[in-house]
Structures are given as structure tokens and as C-alpha cells.
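Read the structure below first, then the notes.
Numbered from 1 within each chain, the chains take letters A, B, ... in sequence-line order.
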Protein chains: 2
Amino acid sequence: MNDNQTNAEQLILQAARKIFIEKGMEGARMQEIADEAGINKALLHYYFRSKDKLFQAVFLEAFQKFLPQIEMLLKSELPFIQKLELFIKNYISIMIENPYIPGFVLHELTQNPQRLAELLKNHVVVMPEFLTQLQNEINNGVIKPVDPRQIMINSLALCIFPFVARPIIQTVFFGNDAETYNAFLEQRKTSVYNFIKSAIFIEKP
Amino acid sequence: MNDNQTNAEQLILQAARKIFIEKGMEGARMQEIADEAGINKALLHYYFRSKDKLFQAVFLEAFQKFLPQIEMLLKSELPFIQKLELFIKNYISIMIENPYIPGFVLHELTQNPQRLAELLKNHVVVMPEFLTQLQNEINNGVIKPVDPRQIMINSLALCIFPFVARPIIQTVFFGNDAETYNAFLEQRKTSVYNFIKSAIFIEKP
DNA sequence: TCTATTTTTGACCACTTGGTTAAATCATTT
DNA sequence: AAATGATTTAACCAAGTGGTCAAAAATAGA
């Protein structure tokens with residue numbers, strides 16, 4: 001019960017995170033994770049029983065990094081426009097700090113969709129309420145009459161896509177210069193918000 | 001030189017397409033592809049020398065399914081607003097017909113970014129012209145003053161994301177009902193266009 | 001210090017992987 | 001029908017793969 005125990009476990013998790021996110025579940029090798037952590041391969045199985053268990057630990061950690069922020073905003077009592085602004089700015093900020101997680105989560109969830117059901121059992125049940133609030137704004141003539149789900153999905157798309165497609169976009173539009181692209185992503189915090197606002201709010205005459 | 005030759009080759013490509021798109025490069029097994037094609041595993045290596053070569057054939061085919069449409073539109077002499085509409089409707093249509101290709105291409109390109117440089121050598125050099133045209137519309141006061149790249153990337157995001165994140169969106173917003181989601185995607189052909197138009201065009205008083 | 005427990009390791013295993021090969025089958029030409 | 005060349009196969013292989021295990025090393029308790 002020394003603190004090397006926790007130390008090794010954290011070392012493994014850290015290494016596993018890096019390799020899994022880089023190579024995916026199928027592409028990652030236990031030996032590579034062990035090397036990255038600077039320990040013996042058998043130790044991986046001592047702390048986490050199998051590759052699958054280790055992967056699940058990493059995946060869950062990554063997934064949950066984003067969920068609380070979404071829930072907090074969906075549950076809050078703010079007016080819609082403020083929720084929208086907060087959501088976009090927070091969400092993009094988290095992604096700038098964890099740029100490889102969105103693609104990782106998206107791919108692994110596509111590869112193994114039944115996992116999603118498990119993950120969502122305890123979360124995001126508040127979504128309907130949020131969609132209702134949006135529908136109310138439409139009924140009040142504040143927002144243009146569009147399917148609220150289209151608006152919701154458009155917002156997600158505009159936030160997430162630049163991270164999921166980063167290698168392509170960075171190459172095609174930014175001469176593969178990471179710094180320029182980072183600045184571009186930073187700008188999107190306000191750019192995306194303005195874009196959506198212009199798209200859905202009805203201009204007062 | 002009988003026509004079984006082409007027949008077997010097509011059979012293999014068809015099977016490889018299915019398995020690779022389903023499982024990715026790392027997850028796919030040569031044996032599984034052979035079984036799917038109903039032939040011996042050694043025959044895969046007879047027609048395509050290695051797993052990597054076979055994968056490249058499948059990937060290139062998938063990638064090129066979308067590129068010509070983009071180029072055609074970018075190169076055309078149409079006014080911007082018409083280009084935009086055509087692009088969105090065509091692009092979403094192709095994706096509805098090939099719904100699993102976007103995620104496949106995106107993931108494999110993220111996993112192996114250096115491949116992108118090779119692929120783009122002969123393509124999409126017209127992008128700057130298009131961005132210039134967009135900038136002109138801004139200068140003429142037709143479009144709001146926003147970074148043209150933001151507009152371009154927003155358009156791509158709105159088109160592509162619903163296919164890349166299909167399993168999640170379909171589950172969270174549509175009770176995992178594929179038919180409903182297909183109808184939703186169909187609606188997006190006009191919905192996305194209207195969304196972008198409202199977002200960027202300046203209303204005439 | 002001696003003992004008991006936990007942590008770490010090297011060697012090992014059964015199994016799967018992509019890939020090869022020599023022989024068999026099939027089709028074509030003579 | 002015989003020879004030739006292209007196609008297909010079963011059997012095989014070396015190199016990994018995730019995973020195990022007994023023993024060593026480190027640690028904690030007495």
C-alpha cells in the first residue's frame with residue numbers, strides 16, 4: 001500500500017490514453033503502452049485485467065470530460081440565447097485543451113455503438129426539455145421556425161467538426177500550420193456563436 | 001484472360017470495401033475479407049499484393065467518390081449563392097447514398113495524415129479561387145464580413161458531421177430509428193442551405 | 001531483523017496475424 | 001488431346017498478439 005501503487009496505475013493510464021487516442025483500440029498494442037509507461041507488460045494486466053478493461057477505463061475518462069459541461073448548461077435556468085453562447089464557448093474551449101478526444105470518442109462509438117446505450121443511461125435525459133425551450137422561442141417569434149433538432153445538431157457540428165477533421169482542414173486551408181489553425185479555432189468561439197445567431201434569430205425591425 | 005478474372009477482383013474489392021469500412025484498416029482481417037468474398041485467402045494476395053495495397057485501393061475509391069463533385073462546383077462559373085446551394089444539395093445526396101464513407105475516410109486520414117498530401121497533389125488547387133470569390137462578395141456588401149474560411153468550414157461541417165456522428169445523433173435525438181433519421185437527413189438538403197444563407201447574407205432593406 | 005504482503009519482472013504460451021508456396025484446377029490455343 | 005498459361009486452393013510459416021505464471025524485488029508490519 002505504498003504510493004507507487006497509485007503512481008504506476010496513473011502512469012499506465014497516462015500511457016494508455018496516449019496510445020489509444022493515437023492508434024485506436026484495434027491499432028494499439030499492449031507492449032507499446034507498457035513501453036510508453038516504462039514498465040513491464042505483465043503489470044498492465046496486474047492493474048487492469050485485460051486490454052478491453054484498460055481501454056474502457058481510458059474511453060470512459062475521455063467521454064466524461066465533455067458530458068458534465070453539456071448537462072450543466074442544459075439543466076441551467078438561463079434564457080436560450082445565453083445557454084447557446086455559453087455552450088459554444090465552453091465546448092470549444094474544452095476541445096482546444098483536449099483536441100484529440102472528439103475524434104477518438106466518435107470513432108470508437110461508431111465502431112461499437114451498443115456501448116453508447118450504456119453510457120447514456122445516466123445522462124442527457126434533459127435533452128427533451130432543452131428542445132422544448134427552443135420550440136417555445138420559435139412559438140414566441142424570437143427564432144425562425146426550424147426543426148429544433150436541426151439547430152441543435154448544427155450547433156454540435158460547428159463546434160466539433162473542426163476538431164474531428166483537423167488534419168484535413170489544417171492541410172487544405174492552413175498549409176498544415178498548427179499555430180495558425182489554433183488561432184483559427186480560438187476565433188471560432190465567437191465566430192460560431194455569431195454564425196448561429198444570425199442564422200436562427202429573427203431580426204427586429 | 002477469362003472474365004472470371006475481373007469477376008473475382010470485383011468480388012474481392014466489394015468484400016474489402018465492406019469489411020474495411022466496417023472495421024477500419026487495423027480492425028479488418030484478411031481472412032474475413034476472403035470469407036466475405038467467398039474465396040481463398042491466398043487469392044487476395046494474388047490480385048492485391050498485400051493488405052496495405054488492398055486497403056489503398058478501397059480507400060482511394062472511397063475518397064474519389066466525393067472529390068470530383070467538389071472540384072466541379074469550385075471550378076464552375078456560377079455565382080456564389082448558386083454554387084453554395086448546388087454544393088450542399090449534391091454533397092448531402094452523395095453522402096445519403098454512401099453514408100459510411102465520410103467516417104471511414106475521416107478516421108483513416110486522421111490515422112495516416114501523410115497520405116493526404118499524396119492525395120491532394122492533383123486536386124483542390126482551385127480552393128484559393130473560390131475563397132477569393134467569396135471575399136469579393138463580402139467586399140461588395142452581399143455577404144457579412146466574416147473570414148471566408150470560417151464560412152467554407154462551417155458549410156463542410158454542417159454537411160458532413162451528421163454522417164460522421166450518425167450513431168450518436170440517431171440514438172440521442174431519434175430514438176435510434178434509422179428511417180426517421182434518413183428523413184431528417186433528406187430535409188437537411190434545404191435546411192442547411194437556408195441556415196447558411198440566413199447566417200451570412202446581408203438582408204436587403 | 002525476520003516475516004508476510006504487495007509490486008514488478010522475465011520467460012513463456014496458445015493463438016492469430018499477414019503472407020508464401022507448391023500443387024491442383026481451369027481455360028485457351030494448337 | 002496435349003501443352004500452355006492463368007486462376008484457385010490447402011497447407012504452411014515466421015512474427016506478432018494478448019495473456020499467464022512463478023519467481024524476484026520492494027515494501028510494510030512485527
Side-chain angles (χ1 to χ4, degrees), chain A residues 1-62 104 107-109 111-112 114-115, chain B residues 1-62 104 107-109 111-112 114-115:
Chain A
M1 283 274 186
N2 60 10
D3 47 3
N4 277 345
Q5 185 186 47
T6 310
N7 208 315
E9 198 170 333
Q10 287 305 316
L11 227 56
I12 292 172
L13 267 176
Q14 197 175 321
R17 201 181 305 142
K18 180 180 172 189
I19 303 297
F20 274 133
I21 287 178
E22 196 175 310
K23 310 267 178 91
M25 163 68 175
E26 307 287 350
R29 301 287 155 230
M30 293 298 266
Q31 187 58 59
E32 200 180 355
I33 295 174
D35 292 348
E36 175 73 31
I39 51 137
N40 191 285
K41 179 166 70 91
L43 208 59
L44 296 182
H45 292 88
Y46 177 77
Y47 282 103
F48 306 84
R49 273 182 28 202
S50 65
K51 185 186 184 182
D52 201 69
K53 289 276 203 311
L54 178 56
F55 177 80
Q56 280 189 31
V58 169
F59 181 81
L60 199 70
E61 182 196 52
F104 172 66
H107 176 251
E108 300 298 342
L109 232 38
Q111 211 85 131
N112 192 348
Q114 62 270 31
R115 186 175 311 175
Chain B
M1 282 277 186
N2 59 8
D3 47 0
N4 277 347
Q5 185 184 45
T6 310
N7 207 317
E9 197 171 334
Q10 287 306 315
L11 227 55
I12 292 172
L13 266 176
Q14 196 175 321
R17 203 180 303 140
K18 180 182 171 189
I19 303 298
F20 274 133
I21 287 179
E22 195 175 312
K23 310 265 177 92
M25 163 70 173
E26 306 287 349
R29 300 288 156 232
M30 293 298 264
Q31 187 58 60
E32 200 180 353
I33 295 174
D35 292 348
E36 175 74 30
I39 51 136
N40 191 282
K41 180 166 69 91
L43 207 59
L44 296 182
H45 293 89
Y46 177 77
Y47 281 104
F48 305 84
R49 273 183 26 202
S50 65
K51 185 185 184 183
D52 201 71
K53 289 277 200 313
L54 178 55
F55 177 80
Q56 281 189 30
V58 169
F59 181 81
L60 199 70
E61 183 196 52
F104 171 67
H107 177 251
E108 300 298 342
L109 231 40
Q111 212 84 130
N112 192 347
Q114 63 270 32
R115 186 173 304 166

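The distance from atom CZ of A/Arg29 to atom P of D/dG16 is 11 Å, rounded to the nearest whole Å. Atoms CZ (B/Phe48) and P (C/dG18) sit 16 Å apart, rounded to a whole Å. The interatomic distance linking B/Tyr46 (OH) with D/dT7 (C1') rounds to 5 Å, in whole Å. Between B/Ile33 atom CD1 and C/dG18 atom P there is a gap of 8 Å when expressed in whole angstrom units. If you measure from atom NZ of B/Lys23 to atom P of C/dG18, you get 12 Å, rounded to the nearest angstrom. For the pair A/Leu54 CG and D/dT17 C1', the computed distance is 15 Å after rounding to whole Å. Following rounding to the nearest Å, B/Leu43 (CG) and C/dG19 (P) show an atom-to-atom distance of 15 Å. Rounded to whole angstrom, the span from the CG atom of A/Asn7 across to the P atom of C/dT6 amounts to 19 Å.
Taking the nucleotide of DNA chain D with the nearest heavy atom to each of B/Gly38 and A/Ser50, the more 5' of the two is matched to B/Gly38.
Here A/Glu32 pairs with A/Lys23 in a salt bridge; the nearest charged N to carboxylate O distance falls below 4.0 Å.
The aromatic rings of A/His107 and B/His107 sit parallel, their planes meeting at an angle under 30°, below the 60° perpendicular limit.
Judged purely by distance below 3.5 Å, without hydrogens or angles, the side chains of B/Asn7 and B/Glu9 never pair a donor atom with an acceptor atom. With no hydrogens or angles considered, a side-chain donor-acceptor pair links A/Asp52 and A/Gln56 at under 3.5 Å. Under the 3.5 Å distance criterion, with hydrogens and angles disregarded, a donor-acceptor pair is assigned to the side chains of A/Asp35 and A/Gln31.
Residue A/Ile39 places its side chain closer to C/dT9 than to any other of C/dT8, D/dG19, C/dT9. Picking from C/dG18, D/dG19, C/dT9 the nucleotide with the shortest atom distance to the side chain of B/Lys51 gives C/dG18.
Considering only residues two or more places apart in sequence or on other chains, B/His45 meets the ring pair (Phe, Tyr, Trp, His ring centres under 6.0 Å) condition with none of them. Shown here are the ring pair (Phe, Tyr, Trp, His ring centres under 6.0 Å) partners of B/Phe48, two or more places apart in sequence or in another chain: there are none.
Residue contacts shown for B/Ala28 are limited to sugar-phosphate atoms, with no base heavy atom under 4.0 Å away.
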Can you name the atoms? Protein N/O to nucleotides 20-25 of chain C N/O, anything below 3.5 Å, with the distance.
none

